[in-house]
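What follows is a short report on a single structure.
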2 protein chains.
Amino acid sequence: MTWDLTADRPIYAQLIEQLELRICSGTYPPGSRLPSVRDLAQEASVNPNTMQRALARLEEDGLLYSHRTSGRFVTEDAELIRKTKNKLAHEQVQEFLQRMKDLGFEYNEILSIITDIAEELIK
Amino acid sequence: MTWDLTADRPIYAQLIEQLELRICSGTYPPGSRLPSVRDLAQEASVNPNTMQRALARLEEDGLLYSHRTSGRFVTEDAELIRKTKNKLAHEQVQEFLQRMKDLGFEYNEILSIITDIAEELIK
DNA sequence: ACTACTGTATTAAGTACCTAATACAATAAT
DNA sequence: ATTATTGTATTAGGTACTTAATACAGTAGT
């Protein structure tokens, strides 16, 4: 998975989201050690301060913890990760349905559009 | 429909999106006249310059046109509006599916989650 | 003719974000 | 012991966004 950053939103916010994704999807497994702030920053072509800011936020949420000199680790609380994953998924669905509704689509139309596009992706 | 603005993204970008929604959903019908820049800005609690910036962008896309002194109007090109609506819908679905996939969900799971939440919304 | 309203442009100031360049204390590795 | 690496903190500078305060030209309504 690569770092996908856009100019139209604060970088630190995008980093938070993508780090969450990596934790919730298991890319960074529970208890595993993350690359150092400096390495992560270089990976993402971002200033270490900006990466640090994102990491600090995930630490507030309990998804990460740091040992001052040995590095930073993913929580071993699998239940927290599961809850976070479900929360994020729920938010994604809610926002998606709301936007489609704002665009003027009915629920039936939304389902059929999703089905169509998903079939394209599969074939 | 009210103006929903968040601090975590540029306001002008959010205005562009919400104006697009109003045009594509028919809230602002084809050929209709929009409130003045100043009025729209006041509605949204935003500086007229910021609203102007968003409107200028929609003008570039052909969704709006302005008569220098009589006001600003929605295009009468219904086909353009339809295409824009479909483009936006397609983008929404693509982004949504991508994020759910990044979170670690399979297509079947996504469909079932959507169905569950949609049923909640209906009942 | 006059008034009010239209879109548009300009300038200045404040704020948030991002980067760069350091620095420091703690500890793992040697 | 020494060295390298860790997270963390600080300072300064640049950029983009937003607001505020104007100003101007064109035109519809009176």
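Lettering of chains follows the sequences in order, A, B, ..., and the numbering in each one begins at 1.
At most 12 heavy atoms of other shown residues, nucleotides or ligands fall within 6.0 angstrom of atom CD in B:Gln42.
Here the P atom of nucleotide C:dT6 and the CG atom of B:Leu64 are 16 Å apart, to the nearest Å. Rounded to an integer number of Å, the gap from B:Leu55 CG to C:dG7 P is 8 Å. Taking atom CG of A:Asp8 as the reference point, atom P of D:dC17 lies 10 Å away to the nearest angstrom. The distance between atom CZ of B:Arg68 and atom P of C:dG7, rounded to the nearest whole Å, is 10 Å. Distance, B:Tyr12 OH to D:dT19 C1': 16 Å, rounded to whole Å. Spacing between atom NE2 of B:His67 and atom C1' of C:dT8 amounts to 16 Å, rounded to whole angstrom units. Atom-to-atom, CE of A:Met51 to P of D:dA9 comes out at 17 Å; the value is rounded to the nearest Å. What separates CG of A:Leu40 from P of D:dT6 is a distance of 10 Å, to the nearest Å.
A donor-acceptor distance shorter than 3.5 angstrom exists from the side chain of B:Gln14 to the backbone of B:Thr6, with no hydrogens or angles considered. Not one N or O on the side chain of A:Thr50 forms a donor-acceptor pair closer than 3.5 Å with the backbone of A:Val46.
Closest to the B:Ser36 side chain, of the nucleotides D:dT6, C:dG7, D:dT27, is C:dG7. Proximity note for A:Arg72 (side chain, C-beta onward) versus C:dA20, D:dT8, D:dA23: the nearest is D:dT8.
Put simply, CD on A:Glu91 and CZ on B:Arg99 are 11.0 Å apart, with the number rounded to the nearest 0.5 Å.
In this model, the phosphate group of C:dT8 is approached by a side-chain N or O of B:Ser66 to a distance below 4.0 Å at OP1 or OP2. Contact annotation: A:Arg53 side-chain N/O to D:dT8 OP1/OP2 distance is not under 4.0 Å. Proximity of B:Ser70 to the phosphate of C:dG7: no side-chain N or O atom is located under 4.0 Å from OP1 or OP2.
Residue-to-nucleotide contacts include a donor-acceptor pair under 3.5 Å from the side chain of B:Arg38 to the base of C:dT8.
Heavy-atom nearest nucleotides on DNA chain C were determined for B:Asp39 and for B:Asn49, and the one closer to the 5' end corresponds to B:Asp39.
B:Arg22 places none of its side-chain heavy atoms less than 4.5 Å from the side chain of B:Val74.
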